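Keep in mind it's a predicted model, so treat the numbers as computed, not measured.
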Amino acid sequence: MERVVLVTGSSSGIGREIVRKLAGDYEVIIHYNNSEKDALELKDELDRLYNKDVMVVKCDLSSEEEIDSMLEKIYSRYSNIDILVNNAGIAIDTLVEDKTKDNFIKTLEVNTIAPFLLMKKMGVKMKENKYGNIVNISSTNGIDTIYPESLDYDASKAALISVSKNMAEFLAPYVRVNTVCPGWVNTRMNKELDSEFVKEEEERILLGRFGKSEEVANVVKFLISDEASYVNDSIIRVDGGWKC
């Protein structure tokens, strides 16, 4: 029987490519909050391609009540969720002097607290089943790619790395928890970047270009596979060799 995988924020960007990459070998669950059209289009694509009925769930990850409701729906269809990919994230980039407490809290709720809640709630069942696999999508912004306009995003992604390491300890030895830190990737989130800024950033990347969503998805697919059975509590950069 195929393992069941929940990928949060999977209607677009990196999450969408992760689902595409996994759908042939796993029972994937598409999660979205606002992009219903994109989520349903992806479902239709995968249903046709793999002759499946892919599950789609809507959830505002800043609400614990909605998280609980989402998990209840999933567990009503699947007895287990074997693999969790915490991919969903938001960025509210503004000048530092314009940042608000609400901006900061919202960013932390989606980027850090929601992954923690999902890991805690799902991890209990994973431990009972003596199998589980979690990949958290952080960012090089959580390590050393510092931009003051993104300080709340940077803080949330640094915190996610810390939460990942603590949860790897808590869920051991049956659940592996790893963190992937992408650098610049060509996603919808980055399409509005100034062309001169993009050129400057590309010059700081050893490979001379922004990454592709599928290149991050390839790493995630490896980490959740049995081929990575001895990879745990690791932080993997996928940034083409970005240099400060």
What's the verdict on salt bridge (Lys or Arg N to Asp or Glu O under 4.0 Å) for Glu196 and Lys199, showing C-alpha distance, side-chain angles and the deciding distance?
CA-CA 5 Å; Glu196 188 60 33; Lys199 182 180 178 182; 5.2 Å; no

Looking at Lys121 and Asp68, does any basic side-chain N land under 4.0 Å from a carboxylate oxygen?
yes

Check whether Leu108 and Met167 end up in the same hydrophobic cluster, where Ile, Leu, Val, Met, Phe, Trp and Tyr are linked by side-chain heavy atoms less than 4.5 Å apart.
no

Heavy-atom distance under 4.5 Å between the side chains of Val180 and Val135, does that happen here?
yes

Are any of the side-chain heavy atoms of Tyr26 and Asp82 separated by less than 4.5 Å?
no

Heavy-atom side-chain proximity of Lys221 to Asp25 below 4.5 angstrom
yes

Give me the atom names and distance for the closest heavy-atom approach of Lys106 to Ser62.
NZ-OG, 3.2 Å

Any side-chain to backbone donor/acceptor pair from Asn133 onto Ile83? Under 3.5 Å, distance only.
no

Between Lys165 and Glu169, is there a salt bridge with N-O shorter than 4.0 Å?
no

Distance check, rounded to the nearest 0.5 Å: Leu40 atom CG versus Tyr32 atom OH?
6.0 Å

Could you give me the CA-CA distance, side-chain angles and deciding distance for Arg20 and Glu17, then say whether salt bridge (Lys or Arg N to Asp or Glu O under 4.0 Å) is met?
CA-CA 5 Å; Arg20 280 177 168 153; Glu17 291 306 320; 2.6 Å; yes

Enter the distance from Arg209:CZ to Glu202:CD here, rounded to the nearest 0.5 Å.
10.0 Å

Counting only N and O atoms by type, is there a donor-acceptor contact under 3.5 Å from the side chain of Ser234 to the main-chain atoms of Asn232?
yes

At their closest point, which heavy atom of Val177 faces which heavy atom of Leu171, and how far apart are they?
CG2-CD1, 4.1 Å

Let me see the working for Ile161 and Ile143 under side-chain contact (heavy atoms from CB on, under 4.5 Å), right down to the final yes or no.
CA-CA 9 Å; Ile161 292 171; Ile143 304 172; 3.8 Å; yes

Atom of Thr112, atom of Ala159 and distance for their closest heavy-atom approach:
CG2-CB, 3.7 Å

Beyond-backbone contact of Ile224 with Arg3, side-chain heavy atoms, under 4.5 angstrom:
no

Would Trp242 and Thr145 count as a side-chain contact (heavy atoms from CB on, under 4.5 Å) here? Give the steps.
CA-CA 9 Å; Trp242 185 91; Thr145 314; 3.8 Å; yes

Passing candidate, side-chain contact (heavy atoms from CB on, under 4.5 Å) with Ile67, options Leu61, Thr8, Asp60:
Leu61

Ile18-Ile30 co-clustered via ILVMFWY side chain contacts under 4.5 Å:
yes

Sub-4.5 Å side-chain heavy-atom contact between Met55 and Ile74:
yes

Rounded to the nearest 0.5 angstrom, the CZ-CD distance for Arg48 and Glu45 is 7.0 Å

To the nearest 0.5 Å, what is the distance between OG (Ser139) and CG (Leu160)?
10.0 Å

Could you label the plane-to-plane angle of the Phe210 and Trp184 rings as parallel, tilted or perpendicular, counting under 30° as parallel and over 60° as perpendicular?
parallel

Leu6 backbone acceptor or donor facing His31 side chain under 3.5 Å:
no

Hydrophobic clusters here meaning ILVMFWY residues chained together by side-chain heavy-atom distances under 4.5 Å, can you tell me if Val124 and Val175 are in one?
no

Taking the side chain as C-beta and beyond, is there a heavy-atom pair between Ile236 and Asn178 under 4.5 Å?
no

Do Phe104 and Val110 share a hydrophobic cluster, counting only Ile, Leu, Val, Met, Phe, Trp and Tyr and linking them when any side-chain heavy atoms are less than 4.5 Å apart?
no

Think Lys120 forms a cation-pi with Phe170, using NZ or CZ under 6.0 Å from the six-ring centre and within 45 degrees of its axis?
no

How about NZ on Lys73, more than 12 heavy atoms from neighbouring residues, nucleotides or ligands closer than 6.0 Å, or not?
no

Intermediate values then yes/no, side-chain contact (heavy atoms from CB on, under 4.5 Å), Lys43 and Asp53
CA-CA 8 Å; Lys43 170 185 166 55; Asp53 178 18; 2.6 Å; yes

Please give me the minimum heavy-atom distance between Val19 and Ser10, naming the atom from each residue.
CG2-CB, 3.4 Å

Applying side-chain contact (heavy atoms from CB on, under 4.5 Å) between Thr187 and each of Pro182, Ser12, Ser213, report the one that passes.
Ser213

Taking Ser69 for the side chain and Glu66 for the main chain, is one N or O donor matched with an acceptor at less than 3.5 Å?
no

Taking atom NZ of Lys125 and atom CD1 of Ile81, what is their separation to the nearest 0.5 Å?
8.0 Å

Please check if the number of heavy atoms outside Tyr50 that lie under 6.0 Å from its OH is greater than 12.
yes

Looking at Leu84 and Met126, what are the two nearest heavy atoms and their distance?
N-CE, 4.2 Å

Side-chain (Asn136) to main-chain (Val85) donor-acceptor, under 3.5 angstrom
no

Cut-off 3.5 Å, side chains only: do Asn111 and Lys157 have a donor facing an acceptor?
no

Between Arg77 and Glu27, does any side-chain N to carboxylate O distance fall below 4.0 Å?
no

Just verifying a value: how many Å separate Thr107 OG1 and Ile92 CD1, rounded to the nearest 0.5 Å?
4.0 Å

Atom CG of Asp98 with >12 non-hydrogen neighbours under 6.0 angstrom
yes

Where do Val4 and Ile29 land on the side-chain contact (heavy atoms from CB on, under 4.5 Å) test, with the steps shown first?
CA-CA 8 Å; Val4 178; Ile29 301 168; 3.7 Å; yes

Given 3.5 Å as the limit, does a donor-acceptor pair link the side chain of Arg237 with the main chain of Gly183, or not?
no

Val220 side chain near Val7 side chain, heavy-atom distance below 4.5 Å
no

Of all heavy-atom pairs linking Ser138 and Cys181, the shortest is CB-SG, 3.8 Å

Can you confirm whether Arg16 sits close enough to Asp38 that some side-chain heavy atom of one is under 4.5 Å from a side-chain heavy atom of the other?
yes

Under 4.0 Å between a Lys/Arg side-chain N and an Asp/Glu carboxylate O for Lys99 and Asp152?
yes

Going hydrophobic residue to hydrophobic residue with side-chain gaps under 4.5 angstrom, can you get from Tyr75 over to Val57?
yes

